[in-house]
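Below: the structure, in structure tokens.
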Amino acid sequence: MTAAAQPRDHRDTTAPNADRTRIHISTAHRPLTKRPLKLSDALDFWSFAGAAANVAMQMARPGVGYGVAESKVESGSLMKHPWKRARTTTQYLAVAILGTDEERAAYREAVNAVHRHVRSQPGAPVKYNAFDRDLQMWVAACLYIGFEDTYQLLQGRMSEEQAEAFYASSSTLGTTLQVTEEMWPATRKDFDEYWNKACEQAVLDDYVRSYVDDLLNLRMIHWYLRLPFRKLLQFLTIGFLAPHFREQMQLKWSAADQRRFEHLFVFVGFVNRFIPRPLRHGGSHALMADLRIRLRRQKQLV
């Protein structure tokens, strides 16, 4: 299920649409509450299941992919410091969704301090700058897709009204960086239009594909941790990738694979309903507590 090297011009030319840019959700919504849904309802520990897929989606945009793969900021390198990078990313998500305006501003400045060093060199084949708002918009959109997909896999496909309520507070995924409120699509329908159009620019080449392949094979962690989890990570990652992204990664996925993936989440979603919410969502609140301690003690956030 790993990516195989192919000629650089091996690309799919079909225009992206919802069937190709989104994963399939087969089950109807099974609400745990009658109140309007919120993005914070998706803060479940099962959201980590799609984390590697979300990184692959983000890196499919060349400016993001080269920015990550070529970054000289070693302290934030996914391949050299995977646990620190995981903590930083998940804490960013917690702050963006649960934090106050002041906490988001503090985290934004901490991220900015790192991003100032992430830019392409003169003459580089792909130009990028970590302060590029269009690239940050793409990253934030991928993060939103990840939350929506995980929530629907666990709880079932939302209605249009539910999806609109769920989407309503999502702009902070981008505005906690440099994305302005005006850049964030106003409605869920507007977001769909942005997403399908933006996916036209999500095209992997061999260089970035190789980097993502290292991630899917867990080459950044010790072999004794890699062996028991690699196959599961690959299965979950490919399942969380829509057809457009699987093709860019040159990954195989059969109808039988899709059935196993859907059955897994029907089971997980059922079991999840009996796990108390504080346990399912506790990690995000622990990250917020850590952030507030760091702020009080004036310690480094990123």
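Only a predicted model underlies this, so the values are computations on that prediction, with no experimental measurement involved. Numbering starts at 1 and runs along the sequence shown.
- Atom CZ of F270 sits in a sparse spot, with 12 or fewer heavy atoms from other residues, nucleotides or ligands closer than 6.0 Å.
- The nearest pair of heavy atoms linking T21 to A242 is C-CB, 3.2 Å.
- Applying the ring-ring contact (aromatic ring centres under 6.0 Å, His included) test to F240 and every residue at least two apart in sequence or in another chain returns F261, F265.
- By the 4.5 Å heavy-atom criterion applied to side chains, T90 and F48 are counted as neighbours.
- More than 12 non-hydrogen atoms from other residues, nucleotides or ligands lie less than 6.0 angstrom from CD of E193.
- One hydrophobic cluster, built from ILVMFWY side chains closer than 4.5 Å, holds both L279 and L43.
- When all heavy atoms are compared, the tightest approach of T187 to E164 is CA-OE2, 3.5 Å.
- Taking each heavy atom of L39 and S170 in turn, the nearest pair found is CD2-CA, 3.8 Å.
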- Message: ring pair (Phe, Tyr, Trp, His ring centres under 6.0 Å), that's the test. Do W46 and Y151 meet it? Break it down for me.
- Response: CA-CA 9 Å; W46 267 100; Y151 179 84; over 10 Å; no
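- R246 places a side-chain N or O within donor-acceptor distance of the main-chain N or O of L241, the cut-off being under 3.5 Å.
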- Let me see the working for R292 and E103 under salt bridge (charged side-chain N to carboxylate O under 4.0 Å, His left out), right down to the final yes or no. CA-CA 8 Å; R292 286 160 184 157; E103 289 164 347; 2.7 Å; yes
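- There is no path of hydrophobic side-chain contacts, each under 4.5 Å, that joins L173 to L287.
- Within the 4.5 Å cutoff, side-chain heavy atoms of M249 are placed close to those of L216.
- Screening Q258, R260, R259 against E262 for a side chain to side chain donor-acceptor pair (under 3.5 Å) leaves a single residue, Q258.
- The two residues A110 and L301 come nearest to each other via the heavy atoms CB-CB, 3.8 Å.
- In the model, D205 has a side-chain atom that pairs as donor or acceptor with a side-chain atom of Y66 under 3.5 Å.
- Looking at heavy atoms from C-beta onward, T176 lies in side-chain contact with Y92 at the 4.5 angstrom threshold.
- Side-chain atoms of R104 come within 3.5 Å of backbone N or O of G99 as a donor-acceptor pair.
- With L154 as reference, N272 is the one residue of N272, D41, T27, V266 to meet the side chain to side chain contact (heavy atoms under 4.5 Å, CB included) rule.
- The two residues V203 and P62 come nearest to each other via the heavy atoms O-CG, 3.8 Å.
- By the 30° and 60° cut-offs, the orientation of the rings of F191 relative to W195 is parallel.
- More than 12 non-hydrogen atoms from other residues, nucleotides or ligands lie less than 6.0 angstrom from CZ of F131.
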May I have the list of side-chain donor-acceptor pairs in residues 137-147 shorter than 3.5 Å, sequence neighbours left out?
from : atom 1 : to   : atom 2 : distance (Å)
W138 : NE1    : M57  : O      : 3.4
W138 : NE1    : Q58  : O      : 3.1
Y144 : OH     : E148 : OE2    : 2.7

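- Around atom CZ of R35, more than 12 heavy atoms belonging to other residues, nucleotides or ligands sit under 6.0 Å away.
- Residue pairs satisfying the salt bridge (Lys or Arg N to Asp or Glu O under 4.0 Å) criterion with at least one member in residues 122-140, sequence neighbours excluded, are absent.
- Salt bridge status for D213 with R209: absent, with no side-chain N to carboxylate O gap under 4.0 Å.
- Note that the CE atom of M183 and the CD atom of Q178 stand 10.0 Å from one another [nearest 0.5 Å].
- Atom-to-atom distance recorded for L264:CG and L236:CG is 6.5 Å, nearest 0.5 angstrom.
- The NE2 atom of H24 sits 10.5 Å away from atom CG of L153, with the distance rounded to the nearest 0.5 Å.
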- Can you check side-chain hydrogen bond (donor to acceptor under 3.5 Å, both in side chains) on D257 and S254, steps first, answer last? CA-CA 5 Å; D257 290 328; S254 67; 3.1 Å; yes
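- Using modelled atom types, no side-chain atom of S71 and backbone atom of V68 make a donor-acceptor pair closer than 3.5 Å.
- The OH atom of Y211 sits 5.5 Å away from the CE atom of M59 when rounded to the nearest 0.5 Å.
- The structure places OG of S169 at 10.5 Å from CG of L37, a figure rounded to the nearest 0.5 Å.
- Of all heavy-atom pairs spanning D192 and R22, the tightest one is OD1-NH1, 4.4 Å.
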